[in-house]
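In what follows, a single structure is set out as structure tokens and then discussed.
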2 protein chains.
Amino acid sequence: MDKKKSSSLSGVKEIARRANVSIATVDRVIHNRKGVSQETKDKINEIIKEIGFQPNILASRLASKKTNRFLVIIPQSAENEYWEACNKGIDRSYAEIKQYGISVDKRFYDLDNKQSFVKLVDSTSIVPYDGVLLAPSFFDEGVRLASRCKENNIPLVFVNSDIPGEDSLSYIGPDLYKSGRQAASLINFGIQKGKVLIVNISKEIDTYHHLLRKEDGFRAYFNDLPSKQPALIKLDIRDTREEIIEKMVDECLQQHPNIEAVFVTNSRVRVIARYFEKQHIDKILVGYDVIKDNVHYLKQGVIDFLIGQKPEEQGYRGLTSLFQHTVIGTNIPKYCFMPIDIITKENVEFYRN
Amino acid sequence: MDKKKSSSLSGVKEIARRANVSIATVDRVIHNRKGVSQETKDKINEIIKEIGFQPNILASRLASKKTNRFLVIIPQSAENEYWEACNKGIDRSYAEIKQYGISVDKRFYDLDNKQSFVKLVDSTSIVPYDGVLLAPSFFDEGVRLASRCKENNIPLVFVNSDIPGEDSLSYIGPDLYKSGRQAASLINFGIQKGKVLIVNISKEIDTYHHLLRKEDGFRAYFNDLPSKQPALIKLDIRDTREEIIEKMVDECLQQHPNIEAVFVTNSRVRVIARYFEKQHIDKILVGYDVIKDNVHYLKQGVIDFLIGQKPEEQGYRGLTSLFQHTVIGTNIPKYCFMPIDIITKENVEFYRN
DNA sequence: CTGAAAGCGCTTACAG
DNA sequence: CTGAAAGCGCTTACAG
């Protein structure tokens, strides 16, 4: 059923013919290269406009044999489904764009070890790259890398968390504050008159700060409420060992017997869920991230809602943005916030990260 | 920062060199064209495997000058935001693939006028096309078109609603039954002990059948509940005039004073919302589709939840699937269910259709 | 400031 | 059954 394309009357050849110049000259004008008289340039530009010329990117890439290298710096995905998904998204993007002569170097750091990030940032030269995709889990080194990109005029895209104020091509990730509000609104829809517990679990101070942004949004929602404002209890756990977490939650629940709902500000909600299941505790439980353990407890009915942040899509969009900006010349929005996905037992089977 | 690609040692040329044949023969083997001795064929295939040859699609398309035409049949998008979004998704896909020599013909029918669909299907020849994207709002004619596609060996993709049993390349759209379950679960999370009203609004019998699938899922959720099973009231409105709808809802609410939540099985939830707002009725209200009016009432707090069905993505994926199947040779999944998106006042600003 | 020619990796008649 | 040659739309040295 395939047809042959009619020979193009809108390519460089046609422009050259009309302008009475060679196609080399047309090419110079198209790419704003110097060495063309203003007169010829004007004439050619007019014809380009007239026939609505759009260069054939396939042919262009094929002929130029240009290659672009991108650098990706994200957390290790071993044993971390969230970052595994992000990594997968990057691969999916790469599969689509590699035809265009793109190569990608990935570097991974350990999310639980700030030093691994420091070392990585310090030991990696960004000079050979045409773009950098960075998950800046740690602030100071993120800033350092960002300024190096700026000095070298290399486009930089942040995924998953932003470094506000730094000069980046784009930020692709969640609006943490608003996702906290969302969690609050769900809990508010379900509770009667009990208290609500907020649980932050994190060891590294940098990640703890991210959790605080969610907590802020969560609190703000209730503050903005005209009527019923439940009491909010807060529990900070600066340790990720399960026994410690369980113990602290246990104590807290003893102390506040009428807690009706619990909001865990990250994917560690699985630990609380496990504890609830063991102890046969039945409270509204809301947390983050569609990872295996969490989905298990969602299906069990222990977790009521998960908030998804689309890690796969973040990775996909991150690399794709770099490609589109560099190769296609597309305009990339400065902020690309992920949707705040609400996942329940009923829709989880259709969810795409 | 762009680099030159090193001359490829993995293309047809290299294969030809190693096999001691011309590249024309290599090309014949790659495309399974006849006229090659078994011996040569085997040798070439081995080399292809060995060097992991992957044809350069850019070069292939450029040289072959092949064109593919796709036919799109969907409802008119004038005054219908849902189908406008689908149409937009198709355009977005087209923008990405047109480089490859793709052309798309769109035909629109009137969703409120079955005859327009009948006429369209009967008057359109599918023969010139390499693929058809169809939103089969009306059953019988959908089946007719599907069999014509089958006869002519033209791949067919359904969007938004399926015709089960018909031989299609893919279905891309919602799982209606499960989305009804989702609505039920949200309502169940919020209600205390009142009754629940189900409202189906539709004139055409074919679309009414779609609504019933959602109602089935909705009822099934409550049936599966071990404990609390609220009374379910049902209201069928086979008319789309607002006065009629308001009157019938009004009567129903009179008759059942303790209705606590209302589930409207399509985007007409806006009409109920308008009525609720006018009458200062405060009940849980859940409906479908992220369109302007519904979003307005969501933000007002009149509608509690909207269920989104990603019309834009349906359109995008529909055309993209056709392209990938026909041009790239990708395997397309038979079913691509859209996620069941839960939209609230808090996350609607980040929602992408 | 401008053009002729070769080439990107693949496909397509055409000739044998 | 097989190959030499031209060409897709563009880019790139090179020469002038």
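Here is the naming used below: chain letters follow the sequence lines, and residue numbers restart at 1 for every chain. All values derive from a computational prediction rather than experimental measurement.
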ask   = Can you tell which of D:dC10, C:dC8, C:dA13 lies closest to the side chain of B:Ala24?
value = C:dA13

request  = Just call it for B:Ile23: base, sugar-phosphate, or nothing, with non-hydrogen atoms closer than 4.0 Å on any strand.
outcome  = base

inquiry  = Is a donor from one side chain sitting under 3.5 angstrom from an acceptor on the other, for A:Lys334 and A:Ser168?
reply    = yes

Selected nucleotide, minimal atom distance to B:Leu62 side chain, candidates C:dG3, D:dG3, C:dG9 = C:dG9

query = DNA chain C in dot-bracket, Watson-Crick or G-U pairs under 3.5 Å, [ ] crossing, | other strand?
reply = |||.||||||||.|||

remark   = All heavy atoms of A:Val159 vs all of A:Gln314, minimum pair found to be CG1-O, 3.5 Å

request  = Look at B:Arg33 and D:dC1 and indicate whether a side-chain polar atom (N or O) is within less than 4.0 Å of OP1 or OP2.
outcome  = no

message = By nearest heavy atom, map B:Ala59 and B:Asn20 onto DNA chain D; which one lands nearer the 5' end?
response = B:Asn20

ask   = Salt-bridged, B:Glu46 to B:Lys49, with N to O below 4.0 Å?
value = no

ask   = Looking at C:dG3, D:dG9, D:dG7, which one has an atom nearest to any side-chain atom of A:Ala63?
value = D:dG9

ask   = Where the side chain of A:Arg28 is concerned, which of C:dT2, D:dT12, D:dA4 is the nearest nucleotide?
value = C:dT2

inquiry  = Hydrogens and angles aside, do B:Tyr129 and B:Asp105 bring a side-chain donor and acceptor to less than 3.5 Å of each other?
reply    = yes

request  = Say whether, by atom type as modelled, one donor and one acceptor occur between the side chain of A:Asn160 and the main chain of A:Gly173 under 3.5 angstrom.
outcome  = no

request  = Let me know the distance between NE2 of B:His31 and P of C:dT12, rounded to the nearest Å.
outcome  = 7 Å

message = I'd like to know if the side chain of A:Glu96 pairs up with that of A:Tyr316 as donor and acceptor (distance under 3.5 Å, no hydrogens or angles considered).
response = yes

query = Does A:Arg61 get its side chain close enough to the base of D:dG9, under 3.5 Å, for a donor-acceptor pair?
reply = no

